[in-house]
Amino acid sequence: MAVAVMEKSEEQLRKEKGSRNMLLLGIFSMTMVFGGLTSAYVVRQKAGDWFSIELPPVFTASTAVIILSSVSIILAGLFYKRGNSGLGTTLVGVTFLFGLAFTYFQFEGWGELVKNGIFLSPDSKQVSLISGSFIYVLTGLHLVHLGGGLLVLLFTFIKGLLGKYSADNYHGVKLAGIYWHFLDALWIYLFLFLTIFK
């Protein structure tokens, strides 16, 4: 069934472009931060006192979950575009749940690291492993940004339930999707980086 799409005003288009550009600027800034941290990781690794650490397998599970979450947010946008707001909203909610599952797996992964004697900030009774500290900082900082993404998804989901989005007005879903895909790509980069440069 064809869905009639209303033409957007120039002001609305200008606002949408402005909000998208602000989001992209924020993503660029975050990319620079993680680029700097991973560069510091590589430089520090060559200091001679580096201890190789295998990521716990649960981080692989979290990677699969966040990839699935990107699929669900893509589908949400497609269903909104086709005029099926109900299914679009449901899929935004599914993406949020995937995000919570990812968060759970991250904490499980940190728990495994602790069981293996790898701590963020070692005290006198713990072995000081700078490589472990880097793992916590990189994955923890990503999780902080993901927390912001979860709030965005929750807000988007609630707006969807209130009927604020339609086939001709679902810009908020698009922005949430862009940010969530960035978080997905960033995690895949960090996961591969920490797996290869251990």
Side-chain angles (χ1 to χ4, degrees), residues 26-27 29-74 76 90-158 176-177 179-198:
I27 286 174
S29 300
M30 287 180 267
T31 301
M32 292 298 99
V33 168
F34 281 95
L37 285 171
T38 51
S39 296
Y41 180 104
V42 172
V43 170
R44 183 63 181 80
Q45 190 178 37
K46 296 175 182 177
D49 59 349
W50 194 262
F51 184 82
S52 180
I53 298 173
E54 292 276 348
L55 286 180
V58 71
F59 283 115
T60 303
S62 69
T63 303
V65 166
I66 204 167
I67 290 171
L68 288 173
S69 73
S70 261
V71 173
S72 61
I73 197 69
I74 287 171
T90 299
L91 285 163
V92 170
V94 167
T95 306
F96 176 77
L97 293 176
F98 276 136
L100 291 180
F102 175 86
T103 303
Y104 170 78
F105 285 130
Q106 293 299 97
F107 278 99
E108 285 291 304
W110 291 340
E112 288 297 316
L113 289 172
V114 169
K115 285 179 186 176
N116 292 331
I118 301 162
F119 301 87
L120 170 62
S121 180
D123 62 27
S124 58
K125 297 179 181 177
Q126 300 162 0
V127 177
S128 179
L129 299 174
I130 189 68
S131 48
S133 297
F134 266 106
I135 290 173
Y136 283 107
V137 169
L138 288 169
T139 59
L141 192 56
H142 175 266
L143 195 60
V144 168
H145 288 91
L146 187 122
L150 285 172
L151 290 176
V152 168
L153 286 174
L154 183 60
F155 180 71
T156 305
F157 177 67
I158 292 169
Y179 184 59
W180 198 257
H181 293 316
F182 163 69
L183 293 171
D184 186 352
L186 177 59
W187 173 253
I188 292 170
Y189 164 70
L190 291 174
F191 177 74
L192 293 176
F193 178 86
L194 292 170
T195 301
I196 294 167
F197 296 97
K198 54 188 176 181

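The nearest pair of heavy atoms linking G109 to P56 is O-CG, 3.6 Å. I118 approaches G132 most closely through the heavy-atom pair CG2-CA, 3.6 Å.
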Let me have the donor-acceptor pairs involving side chains of residues 138-154, under 3.5 Å, with sequence neighbours excluded, atom names and distances please.
{"from": "T139", "atom 1": "OG1", "to": "W110", "atom 2": "NE1", "distance (Å)": "2.9"}
{"from": "T139", "atom 1": "OG1", "to": "I135", "atom 2": "O", "distance (Å)": "2.7"}
{"from": "H142", "atom 1": "NE2", "to": "L183", "atom 2": "O", "distance (Å)": "3.0"}
{"from": "H145", "atom 1": "ND1", "to": "L141", "atom 2": "O", "distance (Å)": "2.8"}

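Judged as a side-chain hydrogen bond (donor to acceptor under 3.5 Å, both in side chains), the pairs with a partner in residues 54-65 (not counting sequence neighbours) are, in order, E54-K198, S62-Q106, T63-W187. The salt bridge (Lys or Arg N to Asp or Glu O under 4.0 Å) analysis of residues 34-44, with sequence neighbours excluded, yields the pairs R44-D49. Sorted by first then second residue, the salt bridge (Lys or Arg N to Asp or Glu O under 4.0 Å) pairs that include residues 148-158, not counting sequence neighbours, number zero. Pairs of residues two or more places apart, or lying in two chains, that qualify as salt bridge (Lys or Arg N to Asp or Glu O under 4.0 Å) and include a residue from residues 98-113 are E112-K115.
Within the 6.0 Å centre-distance limit, the rings of Y41 and F134 are counted as a close aromatic pair.
Residues passing the side chain to side chain contact (heavy atoms under 4.5 Å, CB included) test with F98, sequence neighbours excluded: V65, L68, S69, S72, V94. Take S70 and apply the side chain to side chain donor-acceptor pair (under 3.5 Å) test, not counting sequence neighbours, and it matches H181, D184. Applying the side chain to side chain donor-acceptor pair (under 3.5 Å) criterion to S131, with sequence neighbours excluded, gives no partner residue. For Y189, the side chain to side chain donor-acceptor pair (under 3.5 Å) partners at least two apart in sequence or on another chain are T38. By the side chain to side chain contact (heavy atoms under 4.5 Å, CB included) test, V43 pairs with no residue at all, sequence neighbours left out. Evaluation of the ring pair (Phe, Tyr, Trp, His ring centres under 6.0 Å) rule for F51 yields no partner, not counting sequence neighbours.
Atoms OG1 and CZ, on T90 and F157 in that order, are 7.0 Å from each other to the nearest 0.5 Å. Of the inter-residue distances, the one linking S39 atom OG with M32 atom CE reads 9.5 Å to the nearest 0.5 angstrom. Taking CZ of F191 as the start and CD1 of I66 as the end, the distance is 12.0 Å to the nearest 0.5 Å. The OG1 atom of T156 sits 11.0 Å away from the CH2 atom of W180 when rounded to the nearest 0.5 Å.
Put simply, the side chain of T195 does not reach to within 4.5 Å of the side chain of F59, judged on heavy atoms. Residues I73 and V92 form a side-chain contact, since some pair of their non-hydrogen atoms from C-beta on lies under 4.5 Å apart.
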